[in-house]
Amino acid sequence: MEQALQAMADNTTNRASTIHRKNISNRQVHLQWMNQICRSKKLNYVMEGNRICSLFGIQYPIIQAGMIWCSGWELASAVSNAGGLGIIGAGSMYPDGLRENIRQCKAATSKPFGVNVPLLYPDLEQHMQIIIEEKVPVVFTSAGSPKIWTPILKENGIKVVHVVASSKLALKCQDAGVDAVVAEGFEAGGHNGREETTTLCLIPAVRNAIHIPLIAAGGISSGKAMLAVFALGAEGVQIGTRFVCTKESSAHENFKTKIVSLNEGDTLLSMKKVVPVRLIKNEFYKAIQAAEDKGADGGELVTILGRARAKKGMYEGDMEEGELEIGQASALIDTIQPAKEVVDEIWNEFVATKNKISSLSL
Ligand code: NDP
């Protein structure tokens, strides 16, 4: 078994090295492109000295999470045009679809944008090849080790950020050379940390552990929450749930409407025996819970899960039998808005709350 795993790792490394050799010359081209963007746009930072704004060349340290079935080029370009960083979620895209989304995004915005790649994706090498060929400026990786791909992406002039749920993993990311880390708390939707550490506890722990730029995620949907995590040591926020409920998100309208109706306690962490994931409590969720209560093992849960459950729910709109991944912040969202309105509201509330707190007489 160990030999088989080692052979798999060697194979991945070899394929990765081939891509690395093929694309080393892309680096110069990419750096020239980024320099052009910086020269042609007078970047208007609203937070002088903020490392997230200067790392990505964006106006506000607000990042839209790359989410399967919800964040294609329409959402990513709308968030980037609004001054944040929009991210295409590659996990639900076949390679051709990813290339098409990247090209459409480039046509719709001249601002920086990113792609999120879950490292357990079946055609990972093809995705990375496309990202390098298309000169995507920023990549967020998740669900895997950042060791292999970080140096390859960076040699091609791409900024790399990895998503973690603990300070131990954050330190590993820093050692692997990533440019920044997203620390995602238990409140978040979709795949989630096994330890169930909440954002309030995770951010200060990660801040103490690493010196590179830190982005907070999990339960953040407002300017007030953004200010709270800045107080804990974050320098930027990654927001998923609120951006699912935008006009530009590719989520099914049934899913958006469902999210607006949710209250606290309507999502729960499920499938810890397989991969922990935060879901809306529906018929599919109940079937998983009933099986777990009867002592089902991981294999039985995978059988109930079947294939393409997430697509069935989030993209095709089956609110009972689909897998509906969303965060606890869903309880705070009561409307479907344009993405620009979301970015503006979050930023304005962040500034207003900061001023209000500064004026407290102590
Ligand atoms: P399933 O195995 O149940 O289904 C695969 C789904 O992904 C299908 O709907 C399929 O579309 C689509 N797909 C896209 N590219 C490929 C490919 N190269 N091979 C096979 N299927 C592909 O997986 P899930 O839907 O649960 O998850 C899909 C991906 O998203 C995984 O990489 C997973 O790790 C990631 N993910 C990330 C999350 C996060 O929080 N970051 C949360 C959940 C999943 P079609 O039906 O059109 O064939």
Side-chain angles (χ1 to χ4, degrees), residues 65-71 89-92 116-122 140-146 162-170 172-173 181-203 205-206 215-221 238-241 244 251 255 258-259 262 264-314 321-331:
M67 299 165 288
I68 59 165
W69 301 116
C70 302
S71 57
S92 49
N116 173 282
V117 186
L119 293 174
L120 40 71
Y121 181 79
F140 279 46
T141 51
S142 54
S145 164
H162 195 75
V163 185
V164 300
S166 73
S167 48
K168 193 173 146 197
L169 277 173
K172 285 191 179 173
C173 290
V181 156
V182 175
E184 186 181 83
F186 179 59
E187 299 91 327
H191 288 179
N192 214 309
R194 281 183 191 282
E195 289 94 3
E196 306 190 357
T197 311
T198 58
T199 301
L200 202 61
C201 296
L202 180 66
I203 301 307
V206 174
I215 300 158
I220 304 162
S221 66
Q238 178 177 277
I239 296 176
T241 296
V244 174
F255 186 37
K258 178 82 184 171
I259 296 165
L262 296 179
E264 306 107 88
D266 286 342
T267 71
L268 273 180
L269 198 70
S270 185
M271 286 191 289
K272 274 188 94 171
K273 285 182 189 164
V274 187
V275 184
V277 59
R278 179 173 295 285
L279 299 176
I280 296 177
K281 291 194 252 177
N282 63 359
E283 290 304 319
F284 162 66
Y285 166 88
K286 286 181 200 157
I288 290 283
Q289 288 316 111
E292 283 192 333
D293 291 347
K294 284 187 199 148
D297 61 17
E300 288 169 77
L301 298 183
V302 168
T303 306
I304 297 171
L305 175 64
R307 187 178 176 280
R309 274 274 179 193
K311 181 183 185 186
K312 192 186 189 85
M314 299 191 277
E321 296 303 329
E323 184 183 350
L324 304 176
E325 302 176 4
I326 207 72
Q328 288 188 348
S330 50

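All values reported here derive from a predicted model rather than from experimental measurement. Along the sequence shown, residues carry numbers from 1.
Legend: residues meeting salt bridge (charged side-chain N to carboxylate O under 4.0 Å, His left out) with Lys168, ordered by chain and number and at least two apart, are absent. Residues passing the ring pair (Phe, Tyr, Trp, His ring centres under 6.0 Å) test with Tyr285, sequence neighbours excluded: none.
Of the candidates Val163, Val164, Val117, Val163 is the only one forming a side chain to side chain contact (heavy atoms under 4.5 Å, CB included) with Ser142. Test Leu324, Asn192, Thr241, Ile326 against Arg278 for side chain to side chain contact (heavy atoms under 4.5 Å, CB included) and you get one pass: Asn192.
Counting non-hydrogen atoms of other residues, nucleotides and ligands closer than 6.0 Å to NZ of Lys172 gives a total of 12 or fewer.
A distance of 4.5 Å separates CD1 in Ile215 from CZ in Phe140, rounded to the nearest 0.5 Å. Separation of atoms CD1 (Ile68) and CE (Met314) is listed at 4.0 Å; rounding is to 0.5 Å. The OG1 atom of Thr303 sits 8.5 Å away from the CG atom of Asp297 when rounded to the nearest 0.5 Å. A distance of 9.5 Å separates CD of Glu264 from OG of Ser330, quoted to the nearest 0.5 Å. Taking CG from Leu120 and OG1 from Thr141, the interatomic distance works out to 11.0 Å, rounded to the nearest 0.5 Å. The distance from atom CZ of Phe284 to atom CD of Glu323, rounded to the nearest 0.5 Å, is 5.0 Å.
The backbone N or O of Gly322 lies less than 3.5 Å from a partner atom in the side chain of Asn282, making a donor-acceptor pair. One N or O on the side chain of Arg194 and one on the backbone of Lys272 form a donor-acceptor pair closer than 3.5 Å. Without hydrogens or angle criteria, Ser92 side chain to Trp69 main chain gives a donor-acceptor distance under 3.5 Å.
The two atoms that bring Gln238 and Glu184 nearest to each other are NE2-OE2, 4.2 Å, heavy atoms only. Across all their heavy atoms, Ser71 and Ala65 have their closest contact at OG-O, 3.8 Å. Shortest non-hydrogen contact noted between Ile288 and Ser270 is CG2-OG, 3.5 Å. When all heavy atoms of Phe255 and Cys70 are compared, the pair lying nearest together is CE2-SG, 4.2 Å. Of all non-hydrogen atoms in Cys173 and Pro146, the two that sit nearest each other are SG-CG, 3.9 Å. Taking both residues in full, the closest heavy atoms of Ala291 and Ile304 are given as CB-CD1, 3.5 Å, listed atom of the first, atom of the second, then distance.
Residues Met67 and Glu325 form no side-chain contact, since every pair of their non-hydrogen atoms from C-beta on lies 4.5 Å or further apart. Within the 4.5 Å cutoff, no side-chain heavy atoms of Leu279 are placed close to those of Leu268. Using a 4.5 Å cut-off on side-chain heavy atoms (C-beta onward), Val244 and Ile259 make contact. Contact of the His162 side chain with the Val181 side chain is not registered, since no non-hydrogen atoms from C-beta on lie closer than 4.5 Å.
Applying the salt bridge (Lys or Arg N to Asp or Glu O under 4.0 Å) test to residues at least two apart or on different chains, the pairs with a partner in residues 280-293 are Glu283-Lys286.
Looking only at atom types and distance, the side chain of Thr199 has a donor-acceptor partner in the side chain of Glu187 under 3.5 Å away.
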Passes side-chain contact (heavy atoms from CB on, under 4.5 Å), Met271 versus Leu305? Steps please.
CA-CA 10 Å; Met271 286 191 289; Leu305 175 64; 4.2 Å; yes
Under the criterion salt bridge (charged side-chain N to carboxylate O under 4.0 Å, His left out), I'd like the reasoning laid out for Glu300 against Lys294: C-alpha separation, chi angles, the key distance, then a yes or no.
CA-CA 11 Å; Glu300 288 169 77; Lys294 284 187 199 148; over 6 Å; no
